[in-house]
Protein chains: 2
Amino acid sequence: MVTLPETLPETLPIPIKVMASIRDVARHVGCSTSTVSRVINARDGVDPETRRKVLETVELLGYRPNLIAQGLRVRRGKLIGLVLPEGSAHVFSVIIQCTLEAAYQRGYNIIIVNSHEDPDLEERYIQDLLRRNINGIIFSRVSDESRVVSRIVDEKIPMVVIDRALEHEHVSNVVLDNYKAGYLAGRHLTALGHRRVACVTGPMKIALCRERLKGFRDALAEAATTLTVDCIFEGGFQFQSGLEAVQTLLERRTGCTAIWAMNDMMALGVMKGLYRNRLKVPDDMSVMGMDDHEFGSMTAPSLTSIHYPFNELAERAVEIVARQIESPGTGAETVVLEPGLTIRHSTARVKEPVT
Amino acid sequence: MVTLPETLPETLPIPIKVMASIRDVARHVGCSTSTVSRVINARDGVDPETRRKVLETVELLGYRPNLIAQGLRVRRGKLIGLVLPEGSAHVFSVIIQCTLEAAYQRGYNIIIVNSHEDPDLEERYIQDLLRRNINGIIFSRVSDESRVVSRIVDEKIPMVVIDRALEHEHVSNVVLDNYKAGYLAGRHLTALGHRRVACVTGPMKIALCRERLKGFRDALAEAATTLTVDCIFEGGFQFQSGLEAVQTLLERRTGCTAIWAMNDMMALGVMKGLYRNRLKVPDDMSVMGMDDHEFGSMTAPSLTSIHYPFNELAERAVEIVARQIESPGTGAETVVLEPGLTIRHSTARVKEPVT
DNA sequence: TTGAAAGCGCTAACAC
DNA sequence: GTGTTAGCGCTTTCAA
């Protein structure tokens, strides 16, 4: 007579789990979890035959290690934090896209937070990232006084600052050669014969704006002309600044034949301002931007711009963080990117050469 | 005579940890970790005095629970996955921004993956999200045949599909009233006196394009006119489509006085195409877009558009996922958003009323 | 070459 | 009211 077993048999059929765990693999192979762990982490000291069976089972069960558990055990969660100062500006969209791409190439995920340029929010969000055992941080536009930098450095978390440089022994930088960007802009305009030229800058308290301006000035100087004070308008990187710049410059009757704005948003503002004043681009005025945002090719006319290699920026930033995560000894480094010149239809040869 | 203790004293000074753990708090208070856990999770059955001390210490040590550990223990990692079909399209930038914002409001972080409309990548990235014990998923543009949907449903992970609807018992939707969007566009143009009107659609295999077109048609019908076949151009939502549409429509000599494109990118293409043909907007042709992307206000002339409430889209999507995460019983639901009409300067009253 | 056991930081069932 | 214990899924000594 057959009696019912008191308890269910020990070895149930492989449970229909949606996500297989390391134990499922071990059970299936008939070895311990440590052995499985050794195999999937490519440790040596595993019998080739066992290794084969494990790999086979991993494949069969579609097993992938749980990153949360890995992250908890050995800070190896393959997670990078991306901290941006604001969400609306369109360059950040580009940076986000490029960083996501670059990170996935290397098997990392990205968590994005948006500090809104608010030190308190910044601190809170960094806190959140640390709570997730983040492995590295890519930071855009940290202010020099930022309280969080030391936090991150203390936690020994690799950090790279992009776009704006930050001087710190343990922090890497990926920045643009801003002097050269300004220089290229200036030279393009003087090469087209422009001699009276205007510039819509970003906030001059920001170092990179001063560098860009210096490069721009030097290029003009090479063409034996100067950027006069009345031809400089300090903007705030917003569309609105471009609009205001045009109004101001026209009222000043500077006689300029070309305007360079330090980003594409302001350049669009300049184009719009000129349109409102019934001035034609580039016939009456050449307009040039910076960043080489995709939208520049969609306007009428399309926008000549200084190319900012955002994908390279992201690529290098991720590369550095990943390297520092994977081989902790590596020191901080600084990468300087080369700007380019994208000529479209908003700039043209000056009509009447200045006498 | 004093003997040296065999081992170090049990109560060491609080270790100088950068991130305090629950044990640090417990040690400092002199209670067990469970008590601390109870307090921080607002469970009752804790002496008010103890609770006070714990909270005080939490404050003092700046303790915040580690989300990785929480996520491992009780699938409560406050993490939502956002799956997008492509990175370049500009509406997705907007969706990203809005979703990040909405999620942070509720204490969630977002991990974004980009499927590039590739089912294999999609599957791999979803896999990655699951490996992170994601609590919920916001999905844009899943195809109906997507293999991953059942995976996610099987894992009982709350899922909401945005922008394009997906019929599934356990999947929520947040979509636009696309019929109404088309209707509003049509009515705006007929109200301006336009009778010969063209439409640049998206791929007609996509249901929402057909709905938009239907609404557009119905609005024209109300004004006793029809959308003739030669005035329809099927685009692919890209800038380029708008460019091609203009070329085609002009060659066909349809005599149209207004064009509606089913997104702003194509509308910009239309404007550019008209510019190249020396046609003035809106004098020679009214142009209208859809999405109401910020760039529409920066072009010259600025672009009239159908407003797509992306922030509401994100807000509702996050709200639904969060609710389903926090109270698992909740069933799937569908939200239909109202489109709006943003009138700018690319549309104007028709010059010569049709006889 | 392999397995048992401890532990990452946390929560929940069960004692006391 | 509070502490002890076990365990989430994984890696890593240590011992066999």
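Keep in mind that this is a model prediction, so the values were computed, not measured. Per chain, numbering begins at 1; letters A, B, ... match sequence-line order.
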task = Find the distance B/D24:CG to C/dC10:C1' and express it as a whole number of Å.
result = 13 Å
message = Less than 4.5 Å apart, side chain to side chain, heavy atoms only: is that true for A/E155 and A/I152?
response = no
key: Residue whose closest nucleotide on DNA chain D lies nearer the 5' end, B/G30 versus A/I68   = B/G30
request  = For the residue pair A/N133 and B/N66, confirm or rule out a side-chain donor-acceptor distance under 3.5 Å.
outcome  = yes
query = Mind checking what makes ring pair (Phe, Tyr, Trp, His ring centres under 6.0 Å) contact with B/F139, not counting sequence neighbours?
reply = none
query = B/M19 CE to C/dG9 P: how many Å, rounded?
reply = 11 Å
request  = Can you establish whether the number of heavy atoms outside B/E49 located under 6.0 Å from its atom CD is more than 12?
outcome  = yes
inquiry  = Check this for me, if you would: do A/R131 and A/D128 make a salt bridge, where the nitrogen-to-carboxylate-oxygen distance has to be below 4.0 angstrom?
reply    = yes
query = When every nucleotide of nucleotides 11-16 of chain D is labelled 5' to 3' by its protein contacts under 4.0 Å (heavy atoms), B for base, S for sugar-phosphate only, - for none, what sequence of letters results?
reply = BBB---
ask   = Could you give the CZ-to-C1' distance, from B/R64 to C/dC10, as a whole number of Å?
value = 15 Å
request  = Please report, rounded to the nearest Å, how far the C1' atom of D/dG1 is from the NZ atom of B/K53.
outcome  = 13 Å
query = Heavy atoms, side chains only, cut-off 4.5 Å: are B/R106 and B/E315 in contact?
reply = yes
For atom CG of B/N66 and atom P of C/dG9, their distance in whole Å = 7 Å
ask   = Any side-chain heavy atom of A/I80 within less than 4.5 Å of one from A/N135?
value = no
query = Rounded to whole angstrom units, what separation is found between the CZ atom of B/R132 and the C1' atom of D/dC8?
reply = 17 Å
ask   = If every non-hydrogen atom of B/N114 is compared with every non-hydrogen atom of A/Q97, which pair is closest and at what distance?
value = ND2-OE1, 4.2 Å
task = Using atom CZ of B/R23 as one end and atom P of D/dG3 as the other, report the distance to the nearest whole Å.
result = 15 Å
ask   = Which of these nucleotides, D/dC10, C/dT1, C/dG9, is closest to any side-chain atom of A/D47?
value = C/dT1
key: Among C/dT2, D/dG3, C/dC10, the nucleotide that comes nearest once only the side chain of B/S32 is considered   = D/dG3
key: Of B/T334, B/I320, B/D163, the residue whose pairing with B/V174 passes side-chain contact (heavy atoms from CB on, under 4.5 Å)   = B/I320
query = In whole angstroms, how far is the P atom of C/dG9 from the NZ atom of B/K78?
reply = 22 Å
query = Quick one: bend of the helix from C/dT1-D/dA16 to C/dC16-D/dG1 from 5 pairs per end, to 10°?
reply = 50°
